[in-house]
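Chain naming here is simple, since letters A, B, ... match the order of the sequence lines and numbering starts at 1 in each. Atoms considered below: every heavy atom in the structure, side chains included; atoms not considered: hydrogens, waters and symmetry mates.
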Protein chains: 2
Amino acid sequence: MGDPIGDPAFEDLTARARIRDAAIRLFAERGIDGTTVRDIAQEAGVSPGLLRHHFGSKEALREVCDTYALDRLVKIKEEFYLEGKVANPGFLPSVHPTIVLLYKYLTRALLGGSSGAAAMFDEMVTLSEQWVRKHAPAVTEDYRAYAAVLVGMQSGLLAMHDHVSRTLGVDIFTTEGHLRMAGALADFYSHSLLDPEFVTKARAAMEPPRAPNPPTATGTDPGAEGA
Amino acid sequence: MGDPIGDPAFEDLTARARIRDAAIRLFAERGIDGTTVRDIAQEAGVSPGLLRHHFGSKEALREVCDTYALDRLVKIKEEFYLEGKVANPGFLPSVHPTIVLLYKYLTRALLGGSSGAAAMFDEMVTLSEQWVRKHAPAVTEDYRAYAAVLVGMQSGLLAMHDHVSRTLGVDIFTTEGHLRMAGALADFYSHSLLDPEFVTKARAAMEPPRAPNPPTATGTDPGAEGA
DNA sequence: GCAAGCACTATATGCGTGTATAGTGAGCTA
DNA sequence: TAGCTCACTATACACGCATATAGTGCTTGC
């Protein structure tokens with residue numbers, strides 16, 4: 001019943017807001033299909049009919065949640081980067097639970113085919129593409145694909161959160177787990193795993209003469225070699 | 001009605017096999033919850049009751065599909081690596097559609113909490129860990145986390161397949177799309193995106209004295225900076 | 001003080017779902 | 001040919017779901 005979607009606007013302590021927050025929480029945790037209108041109502045402490053009264057339908061509620069979550073995340077980032085909160089050491093820890101929740105929700109939304117989340121994905125790809133062009137232009141020749149893969153992997157990693165947490169023995173959404181994951185991610189981004197020459201050779205061998213070789217679905221992954 | 005799960009065993013052209021194949025296809029395409037027993041029956045050209053007759057329940061059918069998909073993938077890989085099909089240029093293209101289907105299915109299974117798929121994930125992490133230790137020991141100090149992130153990203157990328165395909169303008173499960181994605185992936189693995197020194201500095205700044213900094217959920221992602 | 005409006009509840013309706021049961025007909029065995 | 005087995009179908013059942021409708025009581029403005 002607490003409000004994990006940090007400091008809401010004033011008019012927002014209403015039942016309507018409680019419903020929306022409960023929905024985001026449950027959608028994030030159990031998925032859209034895994035959550036019933038009754039679950040949300042119970043979590044929000046209201047009757048199921050009130051959801052319809054305020055939002056019309058489950059789908060409409062979901063869309064409200066989408067835009068709210070997106071908006072909330074943007075607001076937090078603005079606050080962080082634009083309002084000088086970067087310097088405030090207490091800010092990030094204070095919003096961390098909210099951010100975790102929002103990311104979980106948006107990951108679900110991405111998987112569930114939400115158009116708002118899809119738009120966010122596209123925007124992240126565009127931004128990443130620009131970033132790479134500017135700061136690391138040498139890493140690829142196909143910036144668009146590179147950025148798409150980057151964002152896809154990044155958000156996909158979140159989608160696989162359960163499995164990553166399990167193999168790590170620690171929930172990656174706790175501070176400890178996140179630190180561990182972020183460390184590995186940093187290693188990942190800052191050291192090349194494969195020999196560039198090997199890759200160019202492999203590419204050359206695969207592409208030009210006859211290319212009968214759309215390899216396994218995760219072709220270049222060293223991990224997929226086993227079994 | 002065609003049988004996309006390549007050359008089945010002889011006794012396998014039975015209705016039972018058709019049901020199983022139809023289930024894998026539909027589960028892969030629409031997800032577990034998005035597929036009804038009736039859908040599967042229709043796709044397999046049988047009556048819904050027959051599913052129960054052969055498999056007992058939808059959940060039991062799902063488990064059969066899990067182990068079958070896993071088994072099938074292993075078989076194909078064995079055939080490829082162990083039976084000298086590596087040299088055969090026609091082999092990969094011939095099994096490509098099957099592999100795509102199996103990967104789609106297994107990604108769904110991963111997302112849907114299948115225990116078999118989870119075991120596969122764990123095994124892939126272990127194999128990746130061994131591979132990194134052996135072939136690229138310098139990239140990290142935390143091999144386990146590195147491998148978990150590697151496999152998580154790789155499978156997560158598949159989970160985000162719709163979005164990646166959309167931003168790329170080409171389905172990554174077609175030969176063309178896959179080639180493009182694999183190229184970006186190869187760039188990704190063979191060039192470091194971030195300056196190692198920058199990362200070690202950042203790590204040092206974050207870790208030791210006070211660590212009020214469990215950054216955003218995708219902290220180190222350059223793409224997440226924007227907005 | 002009174003009526004209108006609105007947040008909210010209780011209850012009902014219809015549908016899609018997984019599952020259960022009874023029945024049918026072809027093929028095999030004796 | 002008689003009878004049995006078993007793959008398979010048709011139909012029914014029970015249930016959970018989203019959604020719809022009717023009703024209630026508090027709040028507000030006049």
Quick check with a 6.0 Å cut-off and a 45 degree axis cone: is B:Arg20 positioned over the face of B:Tyr68's six-membered ring? yes
Results of side-chain hydrogen bond (donor to acceptor under 3.5 Å, both in side chains) for B:Lys58 - residues two or more places apart only: none
Mind running a 4.0 Å heavy-atom check of residues 53-66 of chain A against DNA chain C and sending the residues that fall below it, in number order? A:His53, A:His54
Whichever of B:Leu50 and A:Ile32 has its nearest DNA chain D nucleotide further upstream toward 5': B:Leu50
What residues, two or more places apart in sequence or in another chain, satisfy side-chain hydrogen bond (donor to acceptor under 3.5 Å, both in side chains) together with A:Arg144? A:Glu129
Min and max contacting nt of DNA chain C in 5' to 3' order, chain A heavy atoms within under 4.0 angstrom, are C:dA7 to C:dT9
Rounded to whole Å, CG of A:Asp39 lies from P of D:dG16 at a distance of 12 Å
How would you list, by chain and number, every residue that makes a side-chain hydrogen bond (donor to acceptor under 3.5 Å, both in side chains) with A:Asp142, sequence neighbours excluded? B:Arg180
Between the base of D:dA18 and the side chain of A:Arg38, is one N or O donor paired with an acceptor at under 3.5 angstrom? yes
Flag side-chain contact, heavy atom, 4.5 Å: A:Phe121 against B:Asp162: no
Between B:Ser57 (side chain only) and B:Ala60 (backbone N and O only), is there a donor and an acceptor less than 3.5 Å apart? yes
Would you say A:Thr174's side chain and A:Val170's backbone share a donor-acceptor pair under 3.5 angstrom? no
What residues form a side-chain hydrogen bond (donor to acceptor under 3.5 Å, both in side chains) with B:Thr167, not counting sequence neighbours? none
Rounded to whole Å, CG of A:Leu51 lies from C1' of D:dC17 at a distance of 13 Å
